[in-house]
Structures are given as C-alpha cells and as structure tokens.
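Reading through the structure tokens given below for one structure.
Not measured: the values here are computed from a predicted model.
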Amino acid sequence: MSGSNSGGLMSSAGLVRYFDSEDRNAPRIDPKTVVAFGAMFGLLVMVLTAVAV
C-alpha cells in the first residue's frame, strides 16, 4: 500500500527547494512591469490585427 504512492512528495521537494532559493545575481522584475508589458503587447496585437483587416 505504501509503495503505490511513494515518491510524489519526495520528487517535488527538490523543485520547492530550487524555486525557494533566491539568487542574488538573478534579475528582479516587478510584477507590475510584467502585467504592463503583457497589456501593451496585447494592445499591440489588437492594433496590428485591426490594421491588417
């Protein structure tokens, strides 16, 4: 019974440890910047679609 579900939590433990650690050299992007970039990209796609039609 214990052998059928063993490893699920253990296999995700490495990912949690990987994503939980912060690298000081990693670029930091403000979440508002990501949302603004996505909105601007969506608006650009809409404008280009309207121009092409």
Side-chain angles (χ1 to χ4, degrees):
M1 185 112 180
S2 65
S4 64
N5 197 8
S6 65
L9 186 59
M10 291 297 286
S11 65
S12 65
L15 289 174
V16 171
R17 188 172 29 225
Y18 174 76
F19 285 113
D20 195 31
S21 66
E22 293 185 20
D23 187 12
R24 295 177 193 251
N25 295 329
R28 297 177 188 219
I29 302 173
D30 187 29
K32 292 178 185 177
T33 304
V34 175
V35 171
F37 180 74
M40 299 264 295
F41 185 74
L43 186 63
L44 176 67
V45 169
M46 289 172 54
V47 168
L48 290 176
T49 303
V51 170
V53 172

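Annotation for M40: hydrophobic cluster partners, listed by chain and number, are none (ILVMFWY side-chain heavy atoms under 4.5 Å, direct or chained). Here V34 sits in one hydrophobic cluster together with I29; the rule is ILVMFWY side chains under 4.5 Å apart, joined directly or through other members.
V45 pairs by the side chain to side chain contact (heavy atoms under 4.5 Å, CB included) definition with F41, T49, not counting sequence neighbours.
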